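One structure is given here, and the rest of the page talks about it.
It should be emphasised that the depicted structure is a prediction, and the values quoted were computed from it without experimental measurement.
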Amino acid sequence: MNRQLFSLSASVAFAFLLMFSPAKTFSADVVADLSKRLVPITTGFSGTDVLLFGAIDPSDNQDKDVIVTVKGPTEGVRIRKKDRVAGVWINSNSALFKSAPGFYAAFATKPLEEIISPLELESAEIGIEQLPLKTAHGRFSPNLELEWRQALARNMETASLYRTDVGQVTMLSDQLFRTDLHLPANVPTGTYTIGFYTVKDNRVVGAQSMPLIVRKAGLGAWIYDFAHHSPALYGIICVLIAIVAGYASYIAFRRS
Amino acid sequence: MQIYLPIAEMSVNFVLIIGLGAAVGILSGMFGVGGGFLMTPILFFIGIPPAVAVSTEANQIVASSVSGVLAHWRRGNVDIPMGIVLTIGGFLGSTTGVQLFSILKELGQVDLVIKLCYVVFLGIIGGLMLIESINAWRQQQKAGAKRKKLHTHTWIHGLPFKMRFRKSKLYISALLPLFIGFFVGVIAAIMGVGGGFVLVPAMIYLLGMPTVVVVGTSLFQIIFVMINVTIQQAYTNQTVDIVLGILLLIGGVIGAQLGAKVGSRLKAEQLRILLALMVLGVCVKLGLDLVIQPADLFSLSQGGH
């Protein structure tokens, strides 16, 4: 079959690529999609689930595992640290992680250490440990850098924005897989990258990536844009609404 | 039940917000206090970023002050020249306050300063209110309370730029109300309160204004100062959340109506003690949050880049 032939040549190409470069251009023996490509944050938004699913090519027979990564937009995350000054805990230091994504989650069919080598994780940049998280500070010692990095991961996890544990990818047959991605109400807006990887014998043998767009929509988006693009007019309108409401309640109050 | 607040960038239960707005509205209707100094800390407690809470509450105070001032206006209890002088001071003060707010936000210290201001002011108001209401309650038991002198003459009355304020029956330096207005303006901008709790005692005890015109005139000033705060916060910091504002408005209107009805039927002094204890409770909670070591010394910077 055409597809088998393709897969075979892809594997050969893959082997070549692996020999010469650690880069992430892999063959596409995984075909995947999302239940929605666009997540609109509307006025009623309180978080949502996105189904990530796909099929792996079973031609070079069984025992492939699947890893799915979800990486949010990188706009930088700032972490602040409190110190005690005169009995009061105040923010005294801060560090900016310029390349930290605003969201991260990983899913796999089995625990990562059982299916893929650490080296391979590193070259394919899979997992939260592989994110290029560095403070823009530059003067921190390695220990301090690690402390801040852990603080970032911990706080992002508390905010439901990072998943440090690896979620479950379910195989529906030896070909079909699926997993549910939960996006909480506080997800940052922007373009997310969903990476699908097939793994065999500790190595990534196939990969596909796909964008997922999260953006404000409807009335909320309109208000946000208005407040940021014409802040003075927005302020005046807010005040007018308040004056009218105050007057209306006075009239209602007087009658009763 | 959930509604997404576009500026605060979080989702809240709108029934909860309207309910809280109504509860604070009831209190303000019962005691004739502005609800800002209770509503803003409550918004902190439910997780609204302090910067958004303060700016949005300023907008809500515009509404409650407009409906309040109209009633006083009809009875002729607004000293307009005095209100204008206070407003000029308040404009300068609140503009300074918003700039200060913006600098503090940049430094990552705005939450701390807002909360410290609250601890200090709530502590003072709650304490004074408690002492006063306990005394008043006691004096009710004994009959025949002593009458206080209207005001005493001090160095304050020797300041230049004297102006005549007919309704207040005062001939004093314009500098004094100007300064009071300025101070209240700064507080209003940083704390998201009308500042009535500072303005009213200052007008009575420092300026010596008759009590009848004090509330109407202070509301007059508060309207213009809060309009200035809202527009400036929206312009400089983009922290006015109109969706949250409208929810608070709805709650506040319902609450104030109920409060005024309930308040007229209940014994005021015992309730005043309760209000004082509540204010002190909020003060202690905010204070402890600042003093007790947080579980995690590190935190995400809200909206910080």
Side-chain angles (χ1 to χ4, degrees), chain A residues 41-47 75-84 87-91 94 96 147-148 150-152 154-156 158-159 161 185-186 188 216 219-224 227-228 231-232 234-239 241-254 256, chain B residues 1-7 9-11 56 59-71 74 107-109 111-112 116 223 226-227 230-236 238 240-243 245-246 249-250 252-253 256-257 260-261 289-294 296-301 304-305:
Chain A
I41 298 185
T42 54
T43 311
F45 186 75
S46 59
E75 283 182 354
V77 180
R78 185 177 285 284
I79 295 286
R80 296 189 188 277
K81 189 186 180 214
K82 286 193 169 69
D83 270 312
R84 188 168 221 159
V88 175
W89 291 93
I90 73 169
N91 288 327
S94 79
L96 176 67
E147 196 189 353
W148 280 85
Q150 285 169 342
L152 169 75
R154 186 171 64 237
N155 277 282
M156 291 298 275
T158 310
L161 295 175
N186 58 337
K216 290 187 170 131
L219 188 63
W222 186 81
I223 291 173
Y224 182 89
H228 283 82
Y234 174 81
I236 291 167
I237 289 175
C238 288
V239 164
I241 291 174
I243 292 174
V244 170
Y247 184 73
S249 79
Y250 165 72
I251 299 294
F253 197 45
R254 196 178 49 171
S256 63
Chain B
M1 292 299 157
Q2 295 289 315
I3 188 163
Y4 187 82
L5 305 177
I7 304 294
E9 303 196 285
M10 61 184 286
S11 126
T56 306
N59 193 40
Q60 134 89 3
I61 291 169
V62 172
S64 59
S65 308
V66 165
S67 68
V69 86
L70 288 170
R74 261 164 63 95
L107 292 173
Q109 301 300 358
D111 296 9
L112 173 78
L116 276 178
I223 291 174
M226 289 333 250
I227 286 176
T230 306
I231 294 175
Q232 298 243 11
Q233 290 283 24
Y235 186 72
T236 315
Q238 285 98 43
V240 180
D241 195 310
I242 190 66
V243 176
I246 288 173
L249 278 178
I250 296 169
V253 167
Q257 298 230 26
K261 279 179 190 156
D289 287 351
L290 291 176
V291 177
I292 291 174
Q293 178 165 2
D296 192 343
L297 293 179
F298 294 88
S299 61
L300 292 176
S301 172
H305 291 287

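- In this structure, B:L297 and A:W89 have side chains that are in contact, with non-hydrogen atoms separated by less than 4.5 Å.
- Both the backbone and the side chain of B:S299 come within contact range of chain A, with heavy atoms under 4.5 Å apart.
- With rounding to the nearest 0.5 Å, the separation of CG in B:N59 from CD1 in A:I241 is 7.5 Å.
- Residue contact with chain A, scored on non-hydrogen atoms closer than 4.5 Å, involves the backbone of B:D241 exclusively.
- When heavy atoms are compared at a cutoff of 4.5 Å, B:L107 approaches chain A solely by way of its backbone atoms N, CA, C and O.
- For A:A159, the part lying under 4.5 angstrom from a heavy atom of chain B is the side chain only.
- Taking 4.5 Å as the limit, every side-chain heavy atom of B:Q238 sits out of range of all side-chain heavy atoms of A:Y234.
- Neither the backbone nor the side chain of B:L5 has a heavy atom closer than 4.5 Å to any heavy atom of chain A.
- For A:I41, the part sitting under 4.5 Å from any heavy atom of chain B is the side chain, from C-beta outward, and nothing else.
- Side-chain contact between A:N91 and B:L112 is absent, with no heavy-atom pair separated by less than 4.5 Å.
- Of the atoms belonging to A:T42, it is backbone heavy atoms, and not side-chain ones, that fall under 4.5 Å from chain B.
- The line from OH of B:Y4 to CG of A:L219 is 13.0 Å long, rounded to the nearest 0.5 Å.
- Here the OH atom belonging to A:Y224 is positioned 7.0 Å from the CD1 atom belonging to B:I7, to the nearest 0.5 angstrom.
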